[in-house]
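Let me begin by presenting the structure, written as C-alpha cells, before commenting on it.
Since the structure is predicted, the reported quantities are computational estimates derived from the model, not experimental observations. We name chains A, B, ... by the order of the sequence lines, and we start the count at 1 in each one.
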Amino acid sequence: MKLYNTLTRRKDELKPLNDKQVTMYTCGLTVYSQPHIGNWVAYIYWDVLVRALKAEGYTVNRVQNITDVGHLTSDEDAGEDKMLRGALAEGTTAWEVADKYSKVADDEAYNKLGLLRPDHMPRATDYIPQQIVFVQELEKKGYTYQINDGVYFDTSKINNYGKLAKLDIDGLQFGARVEDTGKKNPTDFAVWKFSNPEEKRDMEWDSPFGDDGQKGFPGWHLECSVMARELLGDQIDIHTGGIDHIPVHHTNEIAQTESITGTQFAQLWVHNNHIKVDGTKMSKSLGNIYTLSDITEKGFDVQAFKLLILSKHYRTEGNFTWDILGAAQNALNHWKATADLIWQLPEQRSASNLADSIQASLIDDLDTPGAITTINAYINTFGESKHSPAKGDLKSIEQLLGIQLVGEDISGAQKQLISEREQARIAKDWQKSDEIRQLLTQQGIEVKDTSNGPIWSRL
RNA sequence: GGCGCCGUGGCCGAGUGGUUAGGCAGCGGUCUGCAAAGCCGCGUACACCGGUUCAAAUCCGGUCGGUGCCUCCA
C-alpha cells in the first residue's frame, strides 16, 4: 500500500510498525452543529482506505475521536468555543449539544452512509485526566510556559517545528494577522486554557495549572495527541485528516507528542483535499452548506454521493453541484441495473479478476478514480450479455468501495405481471401490455424489452 | 499582505515526455408495436507565450485566470 505522505511529499510504502497490524488515527468531528457533506467527504475516503487495508490482509486498529470540548473558532487559540457557541444557538448546554450531534453524526455516517465503524471513538471529555497528565509531562520537560489565559507550548524549544507544513517560521511575525496575546512565539499554542472568570462555561475542570481553584479546559490539539497515545501508543502508522489541519492542528500534534515520546509520532500523514460547492468554498456566510438530508430530500441516493466523491482522487479539490450529483446518480443507476441482472439471467461463470484490479488501484495511493474506471469497464461488458455479473464480483465492489449495488428480488406478484405482459405482447395486445407496464412503473419497476427478453430494473 | 494549490473536450474527471482514459450529457444510425435499454459511429481536449527535446498537454521560465489557508466554515 502506497500513500502520499505529507511529511515527505511523496508516495511512501506503508510499513506497519507491528507486522500486519495497522494503527490509524483520524481527527473526527467537532460535534457542535449539524455535519455537512464536506465532513463526510473525508470520512468516505478513509473508509475506503480501511477497506483496502483489510483487503490487503491487514488488521486495522483505528481511532477516530469526537471533539466535544476545546475547539475554538480560531486556530490561534482565540475566539469562542465552538461547543459553547452551539449551545448558545440551541438554547441548551454544551453537553447536550455534544450529545445531540454525536448521535446525528453517528447515524449519518454508519447507518445512512454505511461507513465502517472505527474501533475506537473516544470523546475528548472522557480523557481529561490523561490530558492533564500529558500537560504535566510537557511542563516537566520544560516545553511549556504559563500566561494569563493558559498554559502554552513553546515552539521555539524544538528544532523541527513545522516540518509537516514546511512552515517558514522565521517569516512568521506578530503583526497584521497574527495577534500578540502574550505568547512568546507566534506559533506557540495552548495546551490548557483557563476559563474566563467573566463567563460561565458548561465544560471546565480543575487542574494543577493556574491559580488555586481556577478552572480550565484542554487545548484542541492536545486532545488528539492524548487520545492517539492512550489508545494506539507512542507511535502510529497512519494519521489522516483534512488539508486544513496541516499548518496548525497536525503540526501541533506532532510537536506535543514527539516532545513527550522522543520518537516519530505517525509514519504516514495522509490528507484529503476539500470539496467546493458551485466552484466556491462551502461557508456559513455564503449559505451554501449542504447536508446529507439535503441530498436525500432532493431524491438522490447517498450512494450516488459516495460515487461522486470517489470519482475524484482524495488529494484533488472537488466540486459539488446538483448537476454533478445527477450525473453520479445516473452512473449509479446503471451499475445497479446491471447488478439486478443477478435475479434475471444466469450468473457469469468465468472467473474475473475484478477484485484484484480494483485493489491494485486502491493500493496505489487510494486511486479510487482508477477503481471506478475498472468497474465501469466491467459493468459495460454486460450490455448485451446473456449472463448476469458474478455475485462475488458485485460483492467485491460493495466491500472495497462501500457502495451498495445489489437489491432485493422483485416480488412473485411483480414477476407474474411481467409474465402476463409478455403474453399480451406475444398476442399483440399492446393496450394490455402498456397498462401492465404502467402498473409496474407505479411500483417503481421499469421493464425493458431486450434481446434477452423482458428485463426489469428499479426506477 | 504572508504562505499555498490549480487551469484537460458541453459537464465531471484520470493520466502522462512519443500509444483511444473513463463517466455523465448530446448527435446520427440500428433494433423495436411503443418506450427504454443495448449495439455501431461521431467531438480529435489539455489557459496563453517562450524555452529544453528528435518528440511536451506531460519538464523549465514567464503571463493571465481561478481558488484555498491565515477570520465564520472540513
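The distance between the ring centers of A/F382 and A/H387 does not fall below 6.0 angstrom. Taking the six-membered ring for Trp and the full ring otherwise, the centers of A/F305 and A/F300 sit at least 6.0 Å from each other.
What you find for A/N319 and A/I275 is that their closest heavy atoms are N-CG1, 3.6 Å.
Between the side chain of A/T373 and the base of B/rG23 there is no donor-acceptor pair of N/O atoms closer than 3.5 Å.
With respect to A/K103 and A/E108, no salt bridge is recorded, no charged nitrogen being found less than 4.0 Å from a carboxylate O. Ion pairing of A/D81 with A/K193 is absent here, as no side-chain N (NZ or NE/NH1/NH2) approaches a carboxylate O to less than 4.0 Å. Look at A/D434 and A/R421 and you find no salt bridge, because none of the NZ, NE, NH1 or NH2 atoms lies under 4.0 Å from a carboxylate O.
Between A/N330 atom CG and B/rG23 atom C1' the separation is 10 Å, expressed in whole Å. Atom P of nucleotide B/rA21 and atom CG of A/D364 are separated by 20 Å, given to the nearest angstrom. We find that CG of A/D323 is positioned 15 Å from C1' of B/rG23, with the value rounded to whole Å. If you take CG of A/D244 and P of B/rG68, they are 13 Å apart, rounded to a whole angstrom. In this structure, A/L439 atom CG and B/rA35 atom P are separated by 21 Å, rounded to whole Å.
If you take atom P in B/rG18 and the same atom in B/rC60, they sit 15 Å apart, rounded to whole Å.
The 5' end of RNA chain B is approached more closely, in terms of each residue's nearest nucleotide, by A/N319 than by the other of A/K428 and A/N319. A residue-by-residue look at A/R421 and A/T316 shows that A/T316 has its nearest nucleotide of RNA chain B further toward the 5' end.
For B/rG22, neither phosphate oxygen OP1 nor OP2 lies less than 4.0 angstrom from any side-chain nitrogen or oxygen of A/Y378. Between A/K281 and B/rC69, a side-chain N or O to OP1/OP2 separation shorter than 4.0 Å is present. Taking side-chain N and O atoms only, A/K276 has no distance below 4.0 Å to OP1 or OP2 of B/rC6. The phosphate of B/rC73 has OP1 or OP2 within less than 4.0 Å of a side-chain N or O from A/Y32.
Remark: B/rG1 base-pairs with B/rC70. Criterion, Watson-Crick or G-U wobble with two distances under 3.5 Å.
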Protein and nucleotides 37-44 of chain B: nitrogen or oxygen contacts under 3.5 angstrom:
residue, atom, partner, partner atom, Å
B/rG38, O2', A/G383, O, 3.2

